[in-house]
2 protein chains.
Amino acid sequence: MISPVMVTTSAFAETAALIGDPARANMLAALMNGRALTAKELAEAAGVTPQTASGHLAQLTGAGLLAMARQGRHRYHRLASPAVAHMLETIMSVAAGGAPGSGRTKSLRVGPRDAALRRARTCYNHLAGRLAVAMADRMTERGHIELSLDGGVITEHGTNFLQGLGVNLKADTAGPGRSAGGRVFCRPCLDWSERRPHIAGVLGTALCTVCLTQGWIRRIEGTRAVTVTPMGRTVLDKAFDLRDALD
Amino acid sequence: MISPVMVTTSAFAETAALIGDPARANMLAALMNGRALTAKELAEAAGVTPQTASGHLAQLTGAGLLAMARQGRHRYHRLASPAVAHMLETIMSVAAGGAPGSGRTKSLRVGPRDAALRRARTCYNHLAGRLAVAMADRMTERGHIELSLDGGVITEHGTNFLQGLGVNLKADTAGPGRSAGGRVFCRPCLDWSERRPHIAGVLGTALCTVCLTQGWIRRIEGTRAVTVTPMGRTVLDKAFDLRDALD
DNA sequence: GAAAGGCTTCGGCAATGGCCGAAGTATTCC
DNA sequence: GGAATACTTCGGCCATTGCCGAAGCCTTTC
């Protein structure tokens with residue numbers, strides 16, 4: 001007999017099992033930069049042949065974790081929704097060491113690629129790493145935002161500050177990131193490398209978008225890491241007093 | 001050669017794989033009621049023999065997902081931290097059907113046990129299901145809270161309301177759920193059965209605690225579902241105008 | 001139209017890992 | 001002290017499933 005509760009429990013396990021395979025996990029991690037990649041690129045990211053990758057991608061798409069779009073002879077795969085990205089980030093956060101302060105030190109921090117990731121990276125559609133945590137810290141210190149592990153909100157002061165940077169927060173009057181009262185929340189996202197919250201949600205997305213379009217940061221191909229351009233360094237240091245966050 | 005980035009990716013995949021096994025997934029789901037269970041109880045929940053469960057529990061504990069406490073000849077296992085509970089809830093949310101509005105209809109809703117779960121259940125340390133969503137809706141309508149997918153906050157009005165119910169929100173001046181400014185946030189938690197947010201975080205925990213200690217709701221043994229007592233029905237319907245949320 | 005590239009399906013191999021029976025330790029109860 | 005209970009370790013069986021080579025489909029390019 002199959003209990004009705006088993007149905008949902010089984011979907012729960014299946015989803016996790018899908019993520020739990022090393023090859024698929026690498027594909028999903030590669031897609032955490034928020035962009036769509038071809039099957040071949042994902043095969044390379046996972047370290048498997050195209051035919052093996054094809055099977056994995058079919059499974060992930062079938063389960064609703066990925067969305068696929070044909071374009072010529074390419075097929076572009078991306079995370080199906082921000083909810084999926086959020087889920088993956090949450091798992092990464094737990095995988096990176098469990099509760100902060102616990103004795104677990106599984107994630108060794110070595111190597112240049114790793115260092116670049118810890119310094120600054122994208123987390124689906126917002127920024128993460130030392131850079132993002134530093135930005136959140138300065139904004140908190142100055143009263144631009146209020147942030148806790150349970151939630152966050154931008155103040156009037158912060159709205160003005162961000163608009164001065166070119167972030168338009170009054171574009172739409174309602175959206176997933178604002179309450180019925182129009183208040184703009186910023187979702188805290190626990191940074192897996194820094195173990196402290198940074199800014200996600202609509203606010204984090206807007207901030208990341210501005211940084212990219214203005215050329216303050218640039219994506220490093222084939223990884224989630226980003227570099228801060230010389231211009232970006234000047235602008236962001238002036239705006240956020242980054243101190244040694246980029247060293 | 002093992003790339004340094006692979007280290008973290010591997011921990012990511014291992015964590016997901018740990019959750020992905022059906023037996024372990026059932027154990028974790030059973031622990032989502034927030035309480036500690038013995039190895040035997042978890043074996044029963046997973047549908048495996050004690051010796052098999054023992055191996056699974058050792059893995060989960062070793063990975064930092066569970067914490068264990070000896071007590072006499074029993075060993076009580078619980079989720080290691082709220083972060084783990086949050087991760088599991090996020091996976092359940094995605095597993096229950098991907099993005100809201102997507103064509104996925106994998107989770108059939110049948111059977112009495114399932115119906116009870118959808119009506120009211122605990123989600124680690126707060127309430128979920130139709131009951132919790134209805135409570136959040138009423139509080140939003142009345143201006144007690146502001147809630148969006150990105151965050152939430154309790155208003156002065158809401159603080160008074162909850163204190164009238166016996167929830168003391170001014171107990172400590174700082175904590176994980178409040179910003180440096182003392183503002184009390186309530187984390188939104190996407191309800192996997194209702195596909196709408198309900199109240200989590202410190203606020204959700206406090207609310208759930210009051211309901212349990214006052215005897216308004218009671219846990220159903222062996223499941224995450226809770227029943228609303230006759231007294232609770234009276235009190236909660238008066239306070240929250242639950243309408244048909246409990247039918 | 002032929003060639004090339006991107007992607008998928010099929011088939012068989014191999015290894016990972018979950019499962020239980022049996023046996024061993026630790027703790028409580030009588 | 002002996003029986004009972006809770007839990008763990010060990011060893012071998014078996015199913016699942018990830019992997020790649022080969023071959024086929026579809027689209028673009030020349």
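Letters A, B, ... are given to chains in the order of the sequence lines, protein chains preceding strands, and every chain is numbered from 1.
Nucleotide D:dT16 holds its P atom 17 Å from the CG atom of A:D21, rounded to whole Å. Across the protein-nucleic acid pair, A:E44 atom CD and C:dG6 atom C1' stand 14 Å apart, rounded to whole Å. We find that CD of B:E14 is positioned 14 Å from C1' of C:dG17, with the value rounded to whole Å. Rounded to whole angstrom, the span from the CZ atom of A:R70 across to the P atom of D:dC26 amounts to 10 Å. If you take CG of B:L18 and P of C:dT16, they are 17 Å apart, rounded to a whole angstrom. Between the NE2 atom of A:H74 and the C1' atom of D:dT28 there is a distance of 9 Å, rounded to whole Å.
Nearest heavy atoms, B:L57 versus B:L66: CD2-CD1, 3.7 Å.
Checking side-chain atoms of A:R24 against main-chain N and O of A:L18 turns up a donor-acceptor pair under 3.5 Å.
When the shell of 6.0 Å around CD of B:E44 is examined, it contains 12 or fewer heavy atoms from other residues, nucleotides or ligands.
In this structure, of C:dG5, C:dC20, D:dC19, it is C:dG5 that holds the atom nearest to the side chain of A:R73. The side chain of A:K40 approaches C:dG6 more closely than any other nucleotide in the set D:dT8, C:dG18, C:dG6. Relative to the side chain of B:Q51, the nucleotides D:dG21, D:dT8, D:dG18 differ in distance, and D:dT8 lies closest. Ranking C:dT9, C:dC7, D:dC7 by closeness to the B:T38 side chain, first place goes to D:dC7. The side chain of B:T52 has C:dC19 as its nearest neighbour among C:dT9, C:dC19, C:dG18. Comparing atom distances between the B:R75 side chain and each of D:dC19, D:dC7, C:dT8 picks out D:dC7 as nearest.
Ranked by how close their nearest DNA chain D nucleotide is to the 5' end, A:H56 and A:Q71 are led by A:H56. The residue among B:L57 and A:V48 whose nearest nucleotide of DNA chain D is located toward the 5' end is B:L57.
Within 4.0 Å of B:E41, counting heavy atoms only, lies no atom of the nucleic acid at all. Residue A:R24 is classed as a sugar-phosphate contact, given heavy-atom separations below 4.0 Å to backbone atoms only.
Side-chain nitrogen and oxygen atoms of B:T49 include at least one within less than 4.0 Å of the OP1 or OP2 phosphate oxygen of C:dC20. Taking 4.0 angstrom as the limit, A:Q59 places none of its side-chain polar atoms (N or O) nearer than this to OP1 or OP2 of D:dT17.
B:W192 has its side chain out of reach of B:V94: every pair of non-hydrogen atoms, C-beta onward, lies at least 4.5 Å apart.
Screening A:H198, A:R196, A:R130 for a side chain to side chain donor-acceptor pair (under 3.5 Å) involving A:D191 leaves a single residue, A:H198.
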